[in-house]
Amino acid sequence: MKIELDKTYNPREIETKWYEHWEKSGYFSPKVNAAKKPFVIVIPPPNVTGILHMGHALNNTIQDILIRWHRMRQEPTLWVPGTDHAGIATQNVVEKKLAKQNKTRHDFSREEFLSEVWKWKEEHGSTIVRQLRRLGASCDWTRERFTMDEGLSKAVREAFVRLYEKDMIYQGYRIINWCPRCHTALSDEEAPHKELEGMLYYIKYPVKGKTGEHITVATTRPETMLGDTAVAVNPKDERYHAIHHHKIILPLVDRELSVIQDEFVDPDFGSGIVKVTPAHDPNDFEMGQRHKLEFINVLNPDGTINEKGGAYAGMDRFKARKQIVEDLEAQGLLVKKVSHLHAVGHCYRCHTVIEPYYSKQWFVKMRPLADMAAKAVREQKVNFVPDRWTKVYLNWMDNIRDWCISRQIWWGHQIPVWYCDNKNCKPIVSRENPTKCPACGSAKLKQDEDVLDTWFSSWLWPFSTLGWPEKTPDLKCFYPTSDLVTASEIIFFWVARMIMAGCEFMGAAPFNTVNIHGTIRTETGQKMSKSLGNIIDPLDVIDHVGADALRFSLMMITGAGQDAFLSPEKFEIGRNFTNKIWNACRFVFMNMKTESFDNFELTAEKIKNLGWVDQWILSELNRSIDETNRALETYRFNDACGTLYHFFWHDFCDWYVELSKQKLSEKVFLHVLEKSLRLLHPLMPFQTEEIWQKLKLITKKDLGETISLAEWPVSNKSQVFDAAVKKAELLKDVVFLLRNFRAENDIDPKKGIHVAIDSQDALIKELSSEIKLLVRAEEVAFKSGVKGWLKVGVVKGAVVYVDASKDIDIAKRKKAIEDNVKKLEGYLKALDAKLANDDFKKRAPKEVYDGELAKQQESLQKLNHFKDEQKALETLS
RNA sequence: GGGCGAGUAGCUCAGUUGGUUAGAGCGCUACGUUCACAUCGUAGAAGUCACAGGUUCGAGUCCUGUCUCGCCCACCA
């Protein structure tokens, strides 16, 4: 059967065709085999609101490579996919949609609003999941999960109740990060600090009963003074001993404040006196507790001043700040303002400046969890790749603070706590919805209105997706998972907490290896983001060059764990490579006598009788298999790409295919091609499958159903032939020399040249036909005492001549030789000095010394030949 | 304030325990389309390995310090 490939590779139909076939055929579901250790990855669940961006493309390509590689190694392989309900983000999206109809969520009941969100989820939530398929991600879609599906919601309740029962969840009044735009509390991780150029205001507070006397406090947030309930000084600060027992009058409000003494106050900062606002600053909160101060909250949830703010009530916090400064100035109480660089928390969802806010929230006690999780990493139950992240992780664990898990939004897992109508009854914390109060029997119960932090469901992901808390076969078989692949941004949010949850609920860390990859950036180093308009859309890239090219390009340019700087041109590397592979295969298919290849497995017997070129390419293949494995084992995907790129393009196409006009074994040809496709498959799944299937038809060989289940190549020492490799090196050297000579002398590419070689080496005499072919030589003669020809150069002791009666540009040749002589003389000078150094002779290993010596000999010989040639050219001209 | 990463060819980056004359891809220059592939081939030019010291027979690689860029963490108001 004659099978032809199209002239250029057209990924579009091929990709859709194969993905559908793979999924339908169930290749992505693991073949459970108790005797074999499974390889398992859980996907970092993208937000349901998400659309595939380059970061996802990178992240999921890495996972897919690992998964496909292990699958081909015939391990039971599972990649669990799914999406995250992304509480705040999703609610924001739906609220924005409602805003277009001039509505807010408060125009709906909670139930109505939630049904709007579910509706949105059903319509748009599968976008990213479809896009992952286009990338080629070989997830087991039969096991797809969602953080709010029934099973995972059950897991969330189970976790909450267990922690509550162990006294590791508590409710209390604390200062938390409050987003005035999202109207909710946030965890510390959700309120990253950003440096802002602000103002430090120095304000006079009058001392009571001492007209004209005042103290000066410094603050960056003057509006919080409305909630001041004390001023504080350091007890050791002698400047202020005199005022310890005085009362201070709070301007604008006329509240009477005591002076408290607290070690926290740094006498060297500002004036050395701190205004204390226990309800709006974490430090002041601590002081407030220590000194039993009053907590006055002056803010509404939306960031406006509340009724406690007197004249400023109703004003936005920033407007109030401006107004208060103006008013103080008018009263002569503003001493000065100086610009001041400080770090301010921002909401990670909407980037609004967060407000430290005193309110009642639910918290998880982190110390015991952190200790366990840190231990798991210290004992190498979990390993970070690259290793430098270990320190980052441990440092965070050491400085952990309790986790605020309640959110004042509607979309999410509602907190499983109910309050009885009878205020004297204790809250009911329950896995199931209770119908009546166990204490008083009342049926009037009200569930806590808050929902849990989205990450409270994500941290259970590695086992909740496998069925926990039920004891399912999947859980037993696939937990703990093998690798986790993610970006550094979510080490604290997610990775660290998953390790905690795994240790706490499963008694074992959830994965062995955490592979942290870099961030995708633009050419100029910016983060890619929609708002900056600097996105390169992976789906565009797939449309233009195909998923394989996208994947390969990404992997090729991303050093292990390093950030990747992208521009559209970067994807040409993958496009060109897919094209090269395609055309090489096209060539093979066009030239093979298809009838004779029903079997191209190589037996030891066959291999022994192969020609040296075949032996050489087999040697390179086996070396490449080893290198690829080493690269994949150490998560060096760019090395794996580089190895296979070089092998396929340069060894296979440039040399082997070029030499294929000589007598080569077509069996070896197909063998190498087929093995190459397997090696490339994890990187470029679509194209390799397409070609492999064609190969199957041509060879009529039963290779199996799909390349994605074909066995991963194993290297074989008996297929490495040092002599053949040496011979190839020699051939390449002679060919380079003569090609260079041709180019240097502008010899018409179509014109044959006459070559003579003077050498004692028998090996080179076996290369005449190859040399003829590759340098377009009319003849290659082996003889000594060549007279009247031009000496071109010396290769491993063999002197190479070309018939000088042809059109050689003598002047150019002279110049080339002169350059060579100069270079060689410089090199020899350095070598001579090195070898003359007694210390080098004494201390360097013998191999190194001998190596240098041999180099000296060879260079000397070359130099002499060039000098001879110079003389000969003199007589010629 | 603490920590991490990066600085190697015009650009993007490799360079694994120190040991050839420091590599690749892109770009550039010249030539080439009867060749599977011009998304190609052949050949070529191009580097003070950020800087300064040090260790060593030998440093891009190890040590110390400095500079530049980027990132993360941090309750000095």
Side-chain angles (χ1 to χ4, degrees), chain A residues 5 7-9 175 192-193 200 217-221 224 232 264-266 268-271 273-277 281-286 340 342-343 345 356 386 388-389 391-392 395-396 399 488-489 491-492 518-519 521 523 525 527 545 549 556-559 561-567 569-570 572-573 575-591 630 634 636 638-639 642 645-646 653-654 657-658 661 736 739-744 746-750 775 823-824 826-827 830-831 834 837-845 847-849 851-852 854-855 859:
Chain A
L5 300 180
K7 191 163 181 207
T8 48
Y9 174 54
I175 294 269
H193 287 79
L200 188 59
V217 298
T219 179
T220 53
R221 295 185 296 149
T224 61
F264 163 78
V265 180
D266 176 0
D268 295 329
F269 188 91
S271 62
I273 306 182
V274 184
K275 62 191 262 321
V276 184
T277 322
D281 183 280
N283 298 312
D284 295 5
F285 172 79
E286 306 263 327
H340 178 68
H342 62 153
R388 60 172 185 271
W389 296 107
K391 233 166 95 181
V392 176
N395 183 52
W396 186 75
N399 297 303
S488 60
E489 287 101 271
I491 290 180
F492 304 143
T519 303
R521 298 179 181 284
E523 248 176 323
K527 266 189 191 173
V545 299
M556 188 82 169
I557 62 178
T558 311
Q562 297 295 354
D563 289 355
F565 297 81
L566 287 188
S567 60
E569 307 84 63
K570 293 280 168 70
E572 286 173 13
I573 192 170
R575 180 199 61 182
N576 295 355
F577 191 41
T578 50
N579 189 253
K580 188 72 185 182
I581 295 171
W582 187 256
N583 276 291
C585 295
R586 185 166 167 250
F587 172 77
V588 173
F589 291 176
M590 277 163 62
N591 287 283
R630 209 165 350 174
T634 49
R636 301 171 68 101
N638 57 335
D639 281 358
Y645 183 88
H646 184 270
C653 293
D654 290 353
V657 172
E658 282 310 307
K661 283 148 200 165
F736 286 143
R739 280 178 178 169
N740 177 299
F741 177 78
R742 291 190 71 122
E744 202 173 79
D746 293 325
I747 296 173
D748 183 344
K750 293 190 192 75
V775 300
K823 223 164 133 188
L824 274 170
Y827 177 48
L831 258 184
K834 195 175 193 179
N837 184 339
D838 278 346
D839 283 332
F840 177 65
K841 191 171 179 181
K842 237 172 9 205
R843 303 193 191 200
E847 313 89 80
V848 173
Y849 182 82
E852 298 296 296
K855 273 185 277 176
S859 305

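Letters go in sequence order (proteins before strands), and every chain restarts at 1.
Remark: A:His340 is in phosphate contact with B:A77, judged by side-chain N or O atoms under 4.0 Å from OP1 or OP2. In this model, the phosphate group of B:A30 is not approached by any side-chain N or O of A:Arg739 to a distance below 4.0 Å at OP1 or OP2. Here A:Lys391 does not reach the OP1 or OP2 of B:C73: none of its side-chain N or O atoms lies under 4.0 Å away. In terms of phosphate contacts, A:Lys842 brings no side-chain nitrogen or oxygen within less than 4.0 Å of OP1 or OP2 of B:G58. Phosphate proximity of B:C73 to A:Asn395: absent, as no side-chain N or O sits under 4.0 Å from OP1 or OP2. Checking the phosphate oxygens (OP1, OP2) of B:C40, no side-chain nitrogen or oxygen of A:Asn579 falls inside 4.0 Å.
Taking atom CZ of A:Phe565 as the reference point, atom P of B:C13 lies 5 Å away to the nearest angstrom. Atom pair A:Glu744:CD and B:A45:C1' shows a separation of 14 Å (rounding to whole Å applied). In this structure, A:Lys823 places its NZ atom 12 Å from C1' of B:A46, rounding to the nearest Å.
Within the nucleic acid shown, A:Pro845 comes within 4.0 Å of at least one base atom, counting heavy atoms only. Looking at heavy-atom distances under 4.0 Å, A:Asn837 makes contact with sugar-phosphate atoms alone, never a base. Among the protein residues, A:Lys750 comes within range of the sugar-phosphate backbone only, with heavy atoms under 4.0 Å from sugar or phosphate atoms but none that close to a base. Across all strands, A:Val392 comes closer than 4.0 Å to no nucleic acid atom at all (heavy-atom distances). Contacts of A:Ala564 with the nucleic acid, taken as non-hydrogen atoms under 4.0 Å apart, are absent. Heavy atoms of A:Phe736 sit under 4.0 angstrom from primed sugar atoms or phosphate atoms, though from no base atom. Within the nucleic acid shown, A:Phe264 comes within 4.0 Å of at least one base atom, counting heavy atoms only. Within 4.0 Å (heavy atoms only), A:Ile557 reaches no atom of the nucleic acid at all.
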Check your understanding: salt bridge (Lys or Arg N to Asp or Glu O under 4.0 Å) between A:Lys842 and A:Asp839: does it pass, once the steps are laid out?
Key -> CA-CA 5 Å; A:Lys842 237 172 9 205; A:Asp839 283 332; 3.8 Å; yes
Exercise for review: Apply the test side-chain hydrogen bond (donor to acceptor under 3.5 Å, both in side chains) to residues A:Thr277 and A:Lys275: give CA-CA distance (whole Å), side-chain angles for both, the deciding distance (0.1 Å), then the verdict.
Suggested key: CA-CA 7 Å; A:Thr277 322; A:Lys275 62 191 262 321; 2.9 Å; yes
Exercise for review: Would you please test A:Asp748 and A:Arg742 for salt bridge (Lys or Arg N to Asp or Glu O under 4.0 Å) and show each step?
Suggested key: CA-CA 8 Å; A:Asp748 183 344; A:Arg742 291 190 71 122; over 6 Å; no
Review point. Run the side chain to side chain contact (heavy atoms under 4.5 Å, CB included) check on A:Tyr645 and A:Met556 step by step: do they pass?
Key: CA-CA 9 Å; A:Tyr645 183 88; A:Met556 188 82 169; 4.0 Å; yes
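No side-chain donor-acceptor contact under 3.5 Å links A:Asn583 to the backbone of A:Arg586. Looking only at distances, a side-chain donor or acceptor of A:Lys570 sits under 3.5 Å from a matching main-chain atom of A:Phe565. A donor-acceptor pair under 3.5 Å links the side-chain atoms of A:Asp563 to the main chain of A:Thr519, judged by distance alone.
When each of A:Lys855 and A:Asp268 is assigned the nucleotide of RNA chain B bearing its nearest heavy atom, the one mapping closer to the 5' terminus is A:Lys855. RNA chain B is contacted by both A:Asp654 and A:Glu572; A:Glu572 maps to the nucleotide lying nearer its 5′ end (nearest heavy atom per residue).
Comparing B:C35 with B:G25, their C1' atoms are spaced 25 Å from each other, to the whole Å. Across B:A74 and B:G65, the matching C1' atoms stand 26 Å from one another, rounded to whole Å. For the C1' atoms, the distance linking B:G47 with B:A14 amounts to 15 Å, nearest Å. Atom C1' of B:C40 sits at a distance of 16 Å from the matching atom of B:U34, rounded to the whole Å. Between the P atoms of B:U48 and B:G54, the separation comes to 22 Å (whole Å). Here the separation of B:C63 from B:G18, taken at their P atoms, is 11 Å to the nearest Å. With both ends at atom C1', the span from B:A45 to B:A30 equals 10 Å, rounded to whole Å. For the P atoms, the distance from B:G5 to B:A46 is 35 Å, rounded to whole Å.
Minimum atom distance to the side chain of A:Asp281 is reached by B:A77, of the listed B:U21, B:A77, B:G41.
Of the nucleotides present, B:G41 is the one that pairs with B:C31 by Watson-Crick or G-U wobble criteria, both distances under 3.5 Å.
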